[in-house]
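Comments concern the structure below.
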There are 2 protein chains.
Amino acid sequence: MRRLSRELGRSAMAPYWYVSDKQELLDLVARKLLSEVTLPEPDSGPWEERLRSVLYGIDAELHDHPGIAGILLERMRSTDRRLMNGIIEILLSAGFEGPNVFLAYAMIHTYLFGRYQVMEMDNPDATDLEDTLAGLVPHLAGLRGRDFFAYGVDTIIEGLRAQLASLKRSRRR
Amino acid sequence: MRRLSRELGRSAMAPYWYVSDKQELLDLVARKLLSEVTLPEPDSGPWEERLRSVLYGIDAELHDHPGIAGILLERMRSTDRRLMNGIIEILLSAGFEGPNVFLAYAMIHTYLFGRYQVMEMDNPDATDLEDTLAGLVPHLAGLRGRDFFAYGVDTIIEGLRAQLASLKRSRRR
DNA sequence: ACCTGAACACCGTTCAAGT
DNA sequence: ACCTGAACACCGTTCAAGT
């Protein structure tokens, strides 16, 4: 707060006229970013594509503001449920049901949450990787943050597809 | 640091005789916890089970100390690479190769990271879920933290299995 | 070898006051 | 309506000093 006021050329207490505390300010920022993510139309494609689209949308917002990821994702599941609801609708349309809807959603949410703690891991200090790994290091050079995220999302989608298949199998009995 | 000293009945500066700063103290705690996780023997079972076993091991350590998750996972990929190497060996034994080893590892690491930011989400305030969701809420009651983690790990494993299958397909060409 | 006390630079925030 | 200044309770940490 003090740094913000300093950068705006005001006294330390100036922000407190607009906002009641630091938390409220961060909430407003998170709210703004969340509102910029669009949900795909229900009939705009297969669930996999719609899911990927929301996740990439959230990723894009977080990309330039990794600092508020925590607040943002916390809001997503408490006060600002628009995106959470949207994702759950996608999962329902995919065929998830009952507890599985929440399990699947939580899994996705958790991955997103991790993404913005790690971020810096994208370029993992290839220096002094031991034994078996040393030979693999060259492969690391070409990988970028987006590659890691894309691979993660793909893997999650494949995983969910498998869960869905076994759900349908057990339903048939 | 001040609170630690207070609880130990020492002056605020007492810890600084043992440790050069707060970061170093947290590192020592993280190191201790990481060292308590055992890696399964390479021939102790299929890769899926060995992977699950390490992840559950890490989860168990983090469970009672969610606060140091950030430091712990950061160490895992920087100074304390024992577990990271172990997981990567498991992935290699599963058939991953080249960049895919790192992509798969990063995906897992990211999920773990998210797990301990979210934690509290495990019981998501079923109050005022809107429209389509209201009907699903009863299913939430029975779900516990462990269920969410187990489902996440299962989904990741299924996802990785699918990635592996397509890797092998492309290798055959 | 182990610890203390005073001090510094930094926070978020309360409260009374200024224009 | 919009902002300031002084003050408080809290940090992590430096430095010189005590036993």
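None of the values given here were measured: they were computed from a predicted structure. The chains referred to below are lettered A, B, ... by the order of the sequence lines, with proteins before strands, and numbering in each begins at 1.
With contacts defined as side-chain heavy-atom distances shorter than 4.5 Å, the pair B/M1/B/L25 qualifies. Taking the side chain as every heavy atom from C-beta outward, B/V29 and B/H65 never approach each other to under 4.5 Å.
Note: A/F148 and B/F102 fail the aromatic proximity criterion, with ring centroids not under 6.0 Å apart.
Per the geometry, CZ belonging to B/R6 stands 14 Å off P belonging to C/dT4, to the nearest Å. Per the geometry, CH2 belonging to A/W17 stands 21 Å off P belonging to C/dG12, to the nearest Å. Atom P of nucleotide D/dG12 and atom CD of B/Q23 are separated by 12 Å, given to the nearest angstrom. The distance between atom CD of B/E24 and atom P of D/dT13, rounded to the nearest whole Å, is 11 Å. Between B/L4 atom CG and D/dC11 atom P there is a gap of 12 Å when expressed in whole angstrom units.
Residues satisfying the side-chain contact (heavy atoms from CB on, under 4.5 Å) test with A/K32, not counting sequence neighbours, are A/E36.
Helical stems of DNA chain C (runs of at least 3 Watson-Crick or G-U pairs, donor-acceptor distances under 3.5 Å) are listed by first residue: C:4-8 with D:12-16, C:12-16 with D:4-8.
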For nucleotides 14-19 of chain D, list the nitrogen or oxygen atoms of the protein found under 3.5 Å from its nitrogen or oxygen atoms, one pair per line.
none

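A donor-acceptor pair under 3.5 Å links the side-chain atoms of A/R82 to the main chain of A/V37, judged by distance alone. At least one donor-acceptor pair closer than 3.5 Å links the side chain of B/R50 to the backbone N or O of B/G45.
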Q: Mind running side chain to side chain donor-acceptor pair (under 3.5 Å) on B/N85 and B/E89 for me, showing each step along the way?
A: CA-CA 6 Å; B/N85 288 342; B/E89 305 265 13; over 6 Å; no
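For A/K22, counting side-chain heavy atoms from C-beta on, the closest listed nucleotide (D/dT13, C/dC2, C/dT13) is C/dT13.
Two residues, A/R2 and A/Y18, neighbour DNA chain D, and the one matched to the more 5' nucleotide by heavy-atom proximity is A/Y18. When the nearest nucleotides of DNA chain D are assigned to B/M1 and A/R10 by heavy-atom distance, the more 5′-ward of the two goes with A/R10.
For the C1' atoms, the distance linking C/dT14 with D/dC3 amounts to 15 Å, nearest Å.
A distance of 4.0 Å separates CD1 in B/I156 from CE in B/M107, rounded to the nearest 0.5 Å.
Between A/E49 and A/R52 there is no salt bridge, since no side-chain nitrogen of the basic residue lies less than 4.0 Å from a carboxylate oxygen of the acidic one.
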